[in-house]
Amino acid sequence: MELSGVVPLPISVADTRAAFAPLNTAPPLVRVVAALLAAVAEPKRVVVAAAESLVGDVRDALASDGLASVSVVAVGGAATRADCLRAGAEYLREAAFSTSHVLVHDVSRPLASVELATRVSAAMRDGGTVVMPILAVTDSVKAVDARGAITATVDRSQLRAVQFPRGYSLAALSEMLAQHSSGDFDEVAAAIGLAGPVTVVEGEPDAFRTELPGDAEFVEAIIASRAQDPHGA
């Protein structure tokens, strides 16, 4: 298996603090790139596919953390998430090195660990075409009507939250993107529509979706607690 990594950075990241503001010194973009590098090992195999307006900030953030050798691709036009993934996949297909499988990460999950990326890549090595980390839903989930009134309690025993990073064979990712025409790109729905099954691995509590900069204080507190705990990640 020849593994590479892609971080899409669409124009919808309107508040650049969501990707570039420091979280205890390292911004989200650097944190997710570092997690991919630990699994992929070669900087040239990790590509940040970013909207043209964000490319300068991307290069500055990577260079400031010694990651200047990571590949950056500028995405023009609407620069949606699908456009960025498509540009990243195209770059990998045309690169001098070969790629058979791809880890896709997201800057909204800056605390996802290296171990999680390793679990996803290991499942691909074992034959998984599409691999996603999942975590059991532990909160009480309610159904509501059009007025927002609670109408029922949803059985959460069969519910799972899907996290990042996610793994795909390059062929599967390309097929998913080829089937997408416009609008939001739901990777999970697209993957379920493929012929092959979706392989799942155990997720982790810290790989939750953040809303930055609003969640910055909370995320930094988690990072600080890791540093203080000699047995922490």
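Everything numeric in this text was worked out from a predicted model, so none of it was measured. Below, each value reflects all heavy atoms present in this structure, side chains not excepted, and no hydrogens, waters or symmetry copies.
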Cluster membership besides V75, Ile/Leu/Val/Met/Phe/Trp/Tyr side chains within less than 4.5 angstrom, sorted by chain and number, is none
Can you name the residues that form a side chain to side chain donor-acceptor pair (under 3.5 Å) with S140, not counting sequence neighbours?
K142
Report yes or no: does E220 contribute a side-chain atom to a donor-acceptor pair with the main-chain N or O of N24 at less than 3.5 Å?
yes
Indicate if L116 and M1 have the same hydrophobic cluster label, given that clusters are the connected sets of ILVMFWY residues with side-chain heavy-atom separations under 4.5 angstrom.
no
Steps toward side chain to side chain contact (heavy atoms under 4.5 Å, CB included) verdict (V130, T199)
CA-CA 6 Å; V130 177; T199 301; over 6 Å; no
Tell me the side chain to side chain donor-acceptor pair (under 3.5 Å) pairs involving residues 26-40, sequence neighbours left out?
none
Taking only residues two or more places apart in sequence, or in another chain, which ones meet D155 in a side chain to side chain donor-acceptor pair (under 3.5 Å)?
S157
Which pairs would a plain distance check flag for residues 33-47, meaning a side-chain donor or acceptor within less than 3.5 Å of a matching protein atom at least two apart in sequence or in another chain?
residue	atom	partner	partner atom	Å
R45	NH1	S4	OG	3.2
R45	NH1	S98	O	2.8
R45	NH2	E2	OE1	3.2
R45	NH2	S98	O	3.1

Under a 4.5 Å cut-off applied to non-hydrogen side-chain atoms, are S53 and I11 in contact?
yes
Minimum side-chain heavy-atom gap P165-V104 below 4.5 Å:
no
Do R166 and L103 pass the side chain to side chain contact (heavy atoms under 4.5 Å, CB included) test, and can you show the C-alpha distance, the side-chain angles, and the key distance before you say yes or no?
CA-CA 6 Å; R166 300 170 183 173; L103 275 174; over 6 Å; no
One should read off an interatomic distance between L111 CG and L23 CG, to the nearest 0.5 angstrom, of 7.5 Å
Sequence neighbours left out, what passes side chain to side chain contact (heavy atoms under 4.5 Å, CB included) with A143? Give chain and number order.
T151, A152, V154
Over all heavy atoms of both residues, which pair between V137 and A161 is shortest? Give the atoms and the distance, please.
CG2-N, 3.9 Å
Are there over 12 heavy-atom neighbours, none belonging to E94, within less than 6.0 Å of that residue's CD?
yes
When rounded to the nearest 0.5 Å, the distance separating OG1 of T129 from CE of M124 is 10.5 Å
Can you list, by chain and residue number, the hydrophobic cluster partners of V144 when the side-chain cut-off is 4.5 Å?
I150
CG-CD distance between L177 and E187, expressed to the nearest 0.5 angstrom:
8.0 Å
Distance check, rounded to the nearest 0.5 Å: L67 atom CG versus L62 atom CG?
5.5 Å
Less than 3.5 Å apart, which donor and acceptor atoms pair up between the side chains of residues 201-209 and the rest of the protein, not counting sequence neighbours?
residue	atom	partner	partner atom	Å
E204	OE1	S113	OG	2.7
E204	OE2	S113	N	2.7
E204	OE2	S113	OG	3.1
D206	OD2	R226	NH2	2.9
R209	NE	E211	OE2	3.4
R209	NH1	S108	OG	3.2

Correct closest heavy-atom pair for C84 and A79 would be SG-O, 4.1 Å
Linking Ile, Leu, Val, Met, Phe, Trp and Tyr by side-chain heavy atoms under 4.5 Å, what else ends up with L135?
none
Return the minimal non-hydrogen interatomic distance between V55 and A50, and the atom names on each side.
CG2-O, 4.0 Å
For D126, check side chain to side chain donor-acceptor pair (under 3.5 Å) against everything at least two apart and list the hits.
none
Does any part of the side chain of L212, heavy atoms only, come nearer than 4.5 Å to the side chain of P28, both counted from C-beta?
yes
Rounded to the nearest 0.5 angstrom, the CZ-CG distance for F185 and L85 is 6.5 Å
Do V162 and L159 land in one hydrophobic cluster if side-chain heavy atoms of ILVMFWY residues count as linked below 4.5 Å?
no
So how far is it from L54 CG to D60 CG, rounded to the nearest 0.5 Å?
12.0 Å
Could you pull out all residues at least two apart from Y91 that satisfy ring pair (Phe, Tyr, Trp, His ring centres under 6.0 Å)?
none
Scan for salt bridge (charged side-chain N to carboxylate O under 4.0 Å, His left out) pairs involving residues 101-112, sequence neighbours excluded, and state none if there are none.
R81-D106
Pair R93-S174, side-chain hydrogen bond (donor to acceptor under 3.5 Å, both in side chains): steps then yes or no
CA-CA 10 Å; R93 282 195 299 269; S174 298; 2.7 Å; yes
Below 4.5 Å, heavy atoms only, C-beta onward: do M132 and V198 meet side chain to side chain?
yes
Smallest heavy-atom separation, A61 atom then F20 atom, equals CB-CD2, 4.0 Å
Nearest heavy-atom approach of L3 to S121 is CD2-CB, 3.7 Å
Looking at D186 and A189, would you say the former's side chain and the latter's main chain have a donor-acceptor pair under 3.5 Å?
yes
